[in-house]
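For reference, the structure discussed in these notes is given below.
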Amino acid sequence: MDRPFVPDLFHYHRRKTRVVKVGKIGVGGENPVRIQSMTTTPTADVNATVAQAIRMVQAGCEMVRMTAPTLADARALGDIRRQLNAKGYAAIPLVADIHFNPECAMEAADHVEKIRVNPGNYADSKTFKIKEYSDQEYHAELVRIEERFTPLVLKCKSLGRAMRLGANHGSLSDRILNRYGDSPEGMVESALEFVRICRKHDYHDLILSMKSSNVKVMIAAYRLLVVRLQEEGMDYPFHLGVTEAGYGEDGRIKSVIGIGSLLSDGIGDTIRVSLTEDPEYEMPVAFQIAKPYQPMGVIASAPASSFDGKGARGNLPSQGQIATSRLPDQAAEAAPRDDGLNGLSHVDNFYHYARRTTRTIPIGPFMLGGENAVRVISDVSPWLGDQTDPQKVVKEILRFFEKQRSSDNDSVPEILEWPVPDEKALEFLKSVRRALGAEATRLAFWGRFTDFQTMTKGLPGVHAATYVGPRSIPDAERLDQFRVFIRSAREAGVTVVLESGPCHTGFLGPARNLVKGIECCEREGNQNLLLSFRLPTAQALIANTRLAAALLRQKGADYPFHLRLPGHPNFEEQRLQASLAFGALLCDGIGDSVQTGQGKEPAKDLELLYNVLQAAGVRITKAEFVTCPSCGRTLFDLQSTAERIKQKTGHLKGVKIAIMGCIVNGPGEMADADFGYVGGAPGRINLYVGRTCVEKGIPFDQADQRLIDLIKTHGKWVDPR
């Protein structure tokens, strides 16, 4: 399906939805993007749950969700509501999280403002039967579900309760898996089966979600849900979340990619950042992600961000304003609108990931584009100093290279961007390359030339080159020089990095200028091009890259893209912008190399880039951990267990391990994990290979070693360095 999921792929417009009231809080419509989270205490422990809920509200949480796996938990919600009311928190809506048991949902509806139902396991067990359903059998299953679900619908309607129908990639029903597979289509149909039952009874206080630990699947499922709702005349608001995102920086980056990408397209009305940390630490990250998309006049403030993940189980940072660019549509609305964009698409299919097909181009020892790995480009400015001692610079480069190589994630420099403003800088570059000797064969050098005469002399000394001017794509006064540059690069066998920056022709002017530059290069016989933008914000980069890719599709051109954002004095803002822009485009299949930073902290810049590539699922360079955020169902201390397993297995590059507190989402979310460590019963662990449980009931104190033994059995263990 190539039908767009939004009316405008190149400018921000928030999706229009009905308003659903959760208690006194409105979700959807023109309301702010609401922030929510979930308690991790046992719900039946009323005092502990009330205390944690209050900490969450004080951190900025607007809706508090609690699990209700048993009737005792569901009844405890009444005591929790009464205590919160008595303590002055009557206005805070409570949400009951229901899995499997309709009786728990019916009880919980008496006490809370919203019920979350998982269509994949409501009134179902998790059996993963291998069975082909005939149409008659499938219909019989729907009749059975309607019989079990309708009483809750009628009760919520009579009491004025809202409901979230939350499909999870990891817990689709057997009938959905056997008919639709483990796919975005299956997730959407899983929710719509329940939506249709609600509509049959004229109940519309619904919020929908499509959550997955795989950001590409999550993004595709929400997009597909938008289109399916439009087809059926529905306008329900959405809850966004990357389930089992993890902890630390990895969980935060993955959340920005999944949630931020959708918000940037105007999709999403309430969000939850699911981190394997105490829930109050999720709020600053959620506020940071949502802030640019809040309506004008809404001041989103919360405790200062703990984006670096160092705050778990410590004291919350002091109150402060989060530095985040606001309202990405302001630039678009202030600039002249670009007409004639309807029908332009930058990808073949919005609902299934496929990497954009491009030609391959050489840059030193690396090939970019095609099926090659997405490459990382670094600014060498920190090592240049006064440019008088090449041996000192070489020593710094090699020291940094080896330090990065010895890390767990192999975040090594690959392509070095080298500023060459004059002939002195050019000679210094040549001397450094000579001093590097054989080591230079594992690095590529990209020269950024600002002086035309230096450029013509320097092209033989670099693997790629940009002729940098006010906008890089030249105006008529410099066109002759630009043509000489293109011809000279062709003769020297040097890849041209064609770069376009902000211009007076509007928000999307850089994309149109880039296409003009391509046409100029092609007239000079040079098609060895890498395309890039020099733009200040994530939204500008996403929109212009999408448009350029769409225009190139029309022309049948297949040049690769370099994704670049400037650094920011606030590194958290840099992380947010890079995660959003690169993640959104990479999940669309666009992007063949990435770069960010100001060069002041090259190790942090490199780590960020490699982490974004891993979170987007396009380049795996370290071990990956899928960990649920913990809740009252969790059968062991998830935070300490996840940290312990990471310490023991974090050196296993490319191995994906899922650490799950219980079986609700565990087996499904482990579909693309190599190994799973899942709470099976109090004090007992089940081990999985993919979806298959291979060992059950392992005593907790033996489970870590048994996991290591399992990894060894499957040939994926290496000893730590």
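Along the sequence shown, the residues carry numbers beginning at 1.
Although no hydrogens or angles enter the test, the distance criterion places a donor-acceptor pair under 3.5 Å between the side chain of Asn118 and the main chain of Gly120. Without hydrogens or angle criteria, His111 side chain to Ala76 main chain gives no donor-acceptor distance under 3.5 Å. Here the side chain of Asp45 pairs a donor or acceptor atom with the backbone of Ala48 at under 3.5 angstrom. For the pair Thr270 (side chain) and Arg34 (backbone), a donor-acceptor distance under 3.5 Å is present. Using modelled atom types, one side-chain atom of Glu414 and one backbone atom of Val376 make a donor-acceptor pair closer than 3.5 Å. A side-chain donor-acceptor contact under 3.5 Å links Ser183 to the backbone of Tyr180. Looking only at distances, a side-chain donor or acceptor of Glu62 sits under 3.5 Å from a matching main-chain atom of Ile35. In this structure, the side chain of Tyr610 engages the main chain of Val412 through a donor-acceptor pair within 3.5 Å. Judged by distance alone, with hydrogens and angles left aside, the side-chain atoms of Ser579 form no donor-acceptor pair with the main-chain N or O of Leu576 at under 3.5 Å. Under the 3.5 Å distance criterion, the side-chain polar atoms of Ser190 are left unmatched by any main-chain donor or acceptor of Gly186.
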Kindly indicate, with the supporting measurements, whether the criterion side-chain hydrogen bond (donor to acceptor under 3.5 Å, both in side chains) is fulfilled by Ser213 and Thr243. CA-CA 5 Å; Ser213 63; Thr243 193; over 6 Å; no
Stepwise side-chain hydrogen bond (donor to acceptor under 3.5 Å, both in side chains) check, Gln639 with Thr276: CA-CA 6 Å; Gln639 291 187 42; Thr276 308; over 6 Å; no
Determine whether Ile207 and Met163 satisfy the following criterion, side-chain contact (heavy atoms from CB on, under 4.5 Å), listing intermediate values before the conclusion. CA-CA 6 Å; Ile207 298 170; Met163 186 185 298; over 6 Å; no
I'd like to know whether Lys216 forms a salt bridge (charged side-chain N to carboxylate O under 4.0 Å, His left out) with Asp588, so could you lay out the CA-CA distance, the side-chain angles of the two residues, the decisive distance to 0.1 Å, and finally the verdict. CA-CA 8 Å; Lys216 293 197 287 285; Asp588 270 352; over 6 Å; no
Run the side-chain contact (heavy atoms from CB on, under 4.5 Å) check on Ile145 and Phe194 step by step: do they pass? CA-CA 8 Å; Ile145 290 297; Phe194 279 62; 3.4 Å; yes
Does Ile708 form a side-chain contact (heavy atoms from CB on, under 4.5 Å) with Gln705? I'd like the steps, not just the answer. CA-CA 5 Å; Ile708 292 172; Gln705 185 58 48; 4.0 Å; yes
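Between Arg196 and Glu189 there is a salt bridge, since a side-chain N of the basic residue sits under 4.0 Å from a carboxylate O of the acidic one. Salt bridge status for Asp97 with Arg116: present, with a side-chain N to carboxylate O gap under 4.0 Å. A salt bridge does not link Glu572 to Arg252: none of the charged nitrogens lies less than 4.0 Å from a carboxylate oxygen. Using a 4.0 Å cut-off between a side-chain N of Lys or Arg and a carboxylate O of Asp or Glu, Arg144 and Glu141 qualify as a salt bridge. Arg75 has no carboxylate O lying under 4.0 Å from a charged side-chain N of Glu103, or vice versa, which leaves the two without a salt bridge. In summary, Lys622 and Asp250 engage in a salt bridge, as defined by a charged side-chain N under 4.0 Å from a carboxylate O.
For the pair Leu165 and Phe149, the tightest heavy-atom approach, listed with the atom from each and the gap, is CD2-CZ, 4.0 Å. Considering every non-hydrogen atom in both Thr40 and Pro279, the closest pair reads CG2-CD, 3.9 Å. The two residues Arg175 and Pro119 come nearest to each other via the heavy atoms NH2-O, 4.3 Å. The heavy-atom pair separating Cys198 from Val153 by the smallest distance is SG-CG2, 3.9 Å. Shown here for Ser134 and Glu137, the closest heavy-atom pair between the two residues is N-OE1, 2.9 Å. Across all non-hydrogen atoms, the minimal contact from Asn178 to Glu132 is O-OE1, 4.4 Å.
In this structure, Phe100 has its ring center no closer than 6.0 Å to that of Tyr122. Taking the six-membered ring wherever Trp is involved, the centroid distance between the rings of Phe675 and Tyr688 does not fall below 6.0 Å.
Rounded to the nearest 0.5 Å, atoms CD (Glu624) and NZ (Lys646) are 11.0 Å apart. If you take CG on Leu275 and CD on Glu280, they are separated by 11.5 Å, rounding to the nearest 0.5 Å. Interatomic distance, Leu710 CG to Leu687 CG, rounded to the nearest 0.5 Å: 6.0 Å.
Between Leu707 and the options Asp709, Asp704, Ile711, a side chain to side chain contact (heavy atoms under 4.5 Å, CB included) holds for only Ile711. Among His239, Arg272, Arg164, the one residue that satisfies the side-chain hydrogen bond (donor to acceptor under 3.5 Å, both in side chains) test with Ser209 is Arg164.
Contact check for Asn611 versus Glu249: side-chain heavy atoms found under the 4.5 Å cut-off. Side-chain contact between Ile698 and Asn686: absent, with no pair of heavy atoms (C-beta onward) separated by less than 4.5 Å. In this structure, the side chains of Arg355 and Val374 come closer than 4.5 Å at one or more pairs of heavy atoms. Phe700 has its side chain out of reach of Arg684: every pair of non-hydrogen atoms, C-beta onward, lies at least 4.5 Å apart. Side chains of Leu94 and Lys114 form no contact here, defined as non-hydrogen atoms less than 4.5 Å apart.
Ring pair Phe238/Tyr222 is tilted by interplanar angle, where 30° to 60° counts as tilted.
A donor-acceptor contact closer than 3.5 angstrom is absent between the side chains of Thr67 and Thr43. With no hydrogens or angles considered, a side-chain donor-acceptor pair links His169 and Ser212 at under 3.5 Å.
A cation-pi arrangement is present between Arg179 and Tyr138 under the rule of less than 6.0 angstrom and at most 45 degrees off the ring axis.
Evaluation of the side chain to side chain contact (heavy atoms under 4.5 Å, CB included) rule for Ala51 yields Arg55 as partners, not counting sequence neighbours.
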